[in-house]
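All remarks here apply to the structure that follows.
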Number of protein chains: 2
Amino acid sequence: MRPMETRVFKLFGISEELLEEKLKTIDEKINFNIENNNGDISLTISSQKIEEDMLRNELAEYSYGTGADTLESITGNLLKEYELKLSVAESCTGGRLSDRLTDVPGSSNYFLGGTICYNNESKNKLLSVSNKTLLRYGAVGETTALEMASGVRCLFDSDIGISVTGIAGPSGGTEDKPVGLVFIALSSKFSNLCNKYNFEGLRKDIKTKAVNNALNILRLFLLDNYKNPKNEIS
Amino acid sequence: MRPMETRVFKLFGISEELLEEKLKTIDEKINFNIENNNGDISLTISSQKIEEDMLRNELAEYSYGTGADTLESITGNLLKEYELKLSVAESCTGGRLSDRLTDVPGSSNYFLGGTICYNNESKNKLLSVSNKTLLRYGAVGETTALEMASGVRCLFDSDIGISVTGIAGPSGGTEDKPVGLVFIALSSKFSNLCNKYNFEGLRKDIKTKAVNNALNILRLFLLDNYKNPKNEIS
């Protein structure tokens, strides 16, 4: 018998159900284990022979790494490779995004810093979110998130600013803005973007889901805009 | 036989060795388990009859709660009770202190926000740490930590400002300032204080040790300065 092979694939943006389905399409008898940390998936495959090319191909759009890779280490590597500086404006994640980014040794090479603004006053004072925006849309909204991202980019003079604002719960939700509503925005010289989410779970899960998605947005943005420097303004 | 009793005591500031010694003084046959998360200890006692008064008395100076209490929930309760607002200036902990504080539901009642300043420019610009201080003492020093704490208190107009600056490693250490050197400072209307630590461990452990100690400094400061002596009468 050939020795057992074990491989760990790191995936994001795929449900466990879809992943299981895809794995069984590749090999009916595939032996796997899924660890799902709020959408951040570690897939361990143990088999006599792993159809690694087929697997990679099938999971390409969700795969961000292997083994000990993390969303923050992979994103950090990209920032380092492209010589970009990052700053972070957090509200509902309360510092967790910056904490994750700075878990990576050498992150001071690309992470300049961040703010946690838990009230409107500091969103206005530190991040220059306009009072008009805060009055019209409140602390949780697309325009607010976008102004936070561009505000923190300006505050730290970084290449990229990323922001998270939402309602982590358990209280503070309304019919219009329920617990789990989160906006994640990114500001750069190329473009500004903002995604809206409705996360489920407890306070800590919502924080982690928001952080995982923020890291993944940043990773995809870096790959899209810097991997093939077609957008580079010369 | 009487039913088994199980109690969880939460402790900080005691080594496992000293704790074991104390427990055996109370009862030679005591049945216990110690979980130590970078100094934050969960002590589970299972016995026919717990000498709870004796235990409480013996461990009083280290005990901060029971059961599901955490350093951040207990500290948060004190801030809420005394109607105080907090802000946080982080460097080497990279957001972890704010993240822990905001894991507590309702923390927006007392946590105004924070900054993560990973370079000297932002320590000066956001927290008004003087360039003279940064030139003389660098990013990691007592004076720098004190200026960060008073700076963030001023920035957020909070009652208390707390700061952490240090060297989380694995690189960045020198003979004078080795990896694990951390300063934690607190600024309030009563006083300013700063503690110096030399933590051991990996980057994530050093971050967590710094956060645990910052929370405990804040807890003890609140008890020392705000606890109404009448509350002690039971």
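Throughout, protein chains are lettered first and strands after them, A, B, ... in sequence-line order, and every chain is numbered starting at 1. Scope of the values below: all heavy atoms of this structure, side chains included, with no hydrogens, waters or symmetry mates.
Only the backbone of T93(A) comes within contact range of chain B, with at least one heavy atom under 4.5 Å from a heavy atom of that chain. Proximity to chain B (any heavy atom under 4.5 Å) is shown, for S108(A), by both the backbone and the side chain. In this structure, no portion of V152(A) lies under 4.5 Å from any heavy atom of chain B. If you measure heavy-atom distances from R203(A) to chain B, the contacts under 4.5 Å come from the side chain alone.
Within the 4.5 Å cutoff, the side chain of D99(A) has no heavy atoms near those of the I116(B) side chain. Two residues are said to be in side-chain contact when any heavy atoms from C-beta on lie closer than 4.5 Å; E121(B) and L112(A) fail this criterion.
Surrounding NZ of K204(A) are at most 12 heavy atoms belonging to other residues, nucleotides or ligands under 6.0 Å away.
Ranked by non-hydrogen atom pairs under 4.5 Å with chain B, the options G94(A), G106(A), G113(A), S91(A) are led by G94(A). Interface remark: of the candidates N119(B), D103(B), T115(B), D103(B) forms the most heavy-atom pairs closer than 4.5 Å to chain A. Per-residue heavy-atom pair counts under 4.5 Å with chain B were compared for L97(A), L126(A), D157(A), V88(A), and the maximum is reached by L126(A). For chain A, the option among L101(B), L202(B), L155(B) with the highest count of heavy-atom pairs below 4.5 Å is L155(B).
Taking CG of L86(B) as the start and OH of Y118(A) as the end, the distance is 12.0 Å to the nearest 0.5 Å.
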